[in-house]
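Residue numbers start from 1 in every chain, and the chains themselves are labelled A, B, ... in the order their sequence lines are given, proteins ahead of strands.
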Amino acid sequence: MLKHLRSFVKFSQLHGQNTSKMMRTFSSTVAQTDEKESVGFVESKEDFKWVERLLPPSRIPNPPKHASYPTQSGWFPPSETLPDKPYYVSRNRYHLFPVTEIEEDISFEPPNTPEDEVEVVEPQILTTITNIEGNLFELAADLQEAVRPYSEFDPVTSVDEANCVVYVKGKYQHIIEDFLGRNGF
Amino acid sequence: MQKTLVIKAVSSRVFLASSTNVRFAHAEAGIIPPNVILTGICKEKLLNPISPESPPQHPDECTAAIVRNCNNNIQLPKSAVKKWVDNFSSLKPIFDEVACLNPRLFDVHPKMDHLHQVVKWQKTYREVDYAWTRTRAEIGKGKRKPWPQKGTGRKRQGSTNSPLWKGGGIAHGPRGPLSLFYKLSDEILLSGLTSALTIRSLQNDLIIASPMECLPEKDFFLKMLANRGIESNSILFIHNDNDSPPALGDAIEHSRTHSMMPLCALNVYSILKHDKLVLSMDILDELEDKLIWQFERYDWHVKPHNFYKDMPGHKYGDRDSLIGAS
């Protein structure tokens, strides 16, 4: 009997007929419902607000106004008046000082040189300052004097005018950040 | 015998009395030699030239009404860039209103190397090199050894298709379509755009027009330009994405040196190609929001996706405004 049922279902499915109707005739326990009355649904976008509040923001917010500065992490905002210097160093998009320590690899060998002939050149350890406007050379001179008490040797600075970047030889990120903070940048 | 030069503008060509053609040359009234007789349109143009009206003061120094303020915060040390707002519906310019522009877009230290890189990219990223040469296998000539290995006094040769032979294959030639597509980083594209905009604004080549629509009368457009002194300049007009000014479009349609495009088509190559840049007032907000957002957004971790809120010009779930859609 089951075998007949299965083949009957397959036949009706092949011809696209509603099998449930066919099956109903063989069982007496299935409730009879009208097929023309569809269930229907309503589309609503009200609950999307629960998703929207979880979506991340794309834009970095401005920091709120605190009661006192510096904050617990040591952050303070730039001063609202222009500092009395011939240059200006603005904050980066994260509201931090634009000072980074880099190791610049200045060695160059053509590929496939044997190890004996490779010149061992140590990478340059530099501190870079970006987002500068105005007289870069004055800033470099001021940074030299700020760094002098902490360095073994005479401090060395380098200026890249086309890209508005100042390099200081050595790792002096915290010292330079203090210097910029003291001057209200 | 002194030759008299009769200048008669007939479709802007000049005829000498001795029947040789000379191109019409713009000459100021003081430079025209005495043996020249002017007739026709040239007489009007040369003897009654339209002198352009210049603004009475720099907008920074006067107290004109500020019609448009910057939407985003302006950081120290810069202040807003102020420009006179022009009205293209009036023949003569009226210097009444001033618009403020964001200095992060219009007052930037211009980087010429980035400008060059962006222009070069715009020219080459769409190019496909279709050069293709046949190798020795693809040349459909003889497969046979031309002469035996030994015995003849000639060099040993295996086939007539080899690259050594005339008419043979090319060993290391170009092979098929090669695309020159490459991507430039957002940083460089942004600095290129802002550099181009600042160069136009600093060199007095930027005009902000409040209604950018001109009247459809005959010759209104040319007279309007002449009154502003930009008759002989190539001009780029930028309008809103949805509305384009119809009368201005009709006036520009057959002009080689004037072009009009919506804000979404603004690019460095077009800005540099035209002498002057005209921005209509209603696009300034959108331009500022979109570019300042790029300066103030978080870094993409891997690549941009669409699950952010508050992105200008892009809406979550909107298929047409997907970023980086593959």
Above 12 or not: heavy atoms from other molecules or residues under 6.0 Å from [atom1] of [X]?
{"X": "A/His174", "atom1": "NE2", "value": "no"}
{"X": "B/Glu61", "atom1": "CD", "value": "yes"}
{"X": "A/Glu145", "atom1": "CD", "value": "yes"}
{"X": "A/Tyr69", "atom1": "OH", "value": "yes"}
{"X": "B/Lys111", "atom1": "NZ", "value": "yes"}
{"X": "B/Tyr182", "atom1": "OH", "value": "yes"}
{"X": "A/Lys49", "atom1": "NZ", "value": "yes"}

Quiz item: Is there side-chain contact between A/Arg59 and B/Ile292, with heavy atoms separated by less than 4.5 Å?
Solution: yes
Exercise. Check whether any side-chain heavy atom of A/Ser58 lies under 4.5 Å from a side-chain heavy atom of B/Tyr298, and answer yes or no.
Key: no
Closest non-hydrogen atom pair, [X] against [Y]:
{"X": "B/Lys78", "Y": "A/Glu133", "answer": "CE-OE1, 3.9 Å"}
{"X": "B/Asp299", "Y": "A/Arg93", "answer": "OD1-NH1, 4.4 Å"}
{"X": "B/Pro77", "Y": "A/Leu82", "answer": "CB-CD2, 3.6 Å"}

Exercise. Working to the nearest 0.5 Å, report the span between CG of B/Leu76 and CD of A/Glu80.
Key: 8.5 Å
Need one label for [X]: side chain, backbone, both or neither, based on atoms under 4.5 Å from any heavy atom in chain B.
{"X": "A/Glu52", "result": "backbone"}
{"X": "A/Tyr94", "result": "side chain"}
{"X": "A/Asn163", "result": "both"}

Exercise. Among B/Met112, B/His109, B/Gln75, single out the residue with the greatest number of heavy-atom pairs under 4.5 Å to chain A.
Key: B/His109
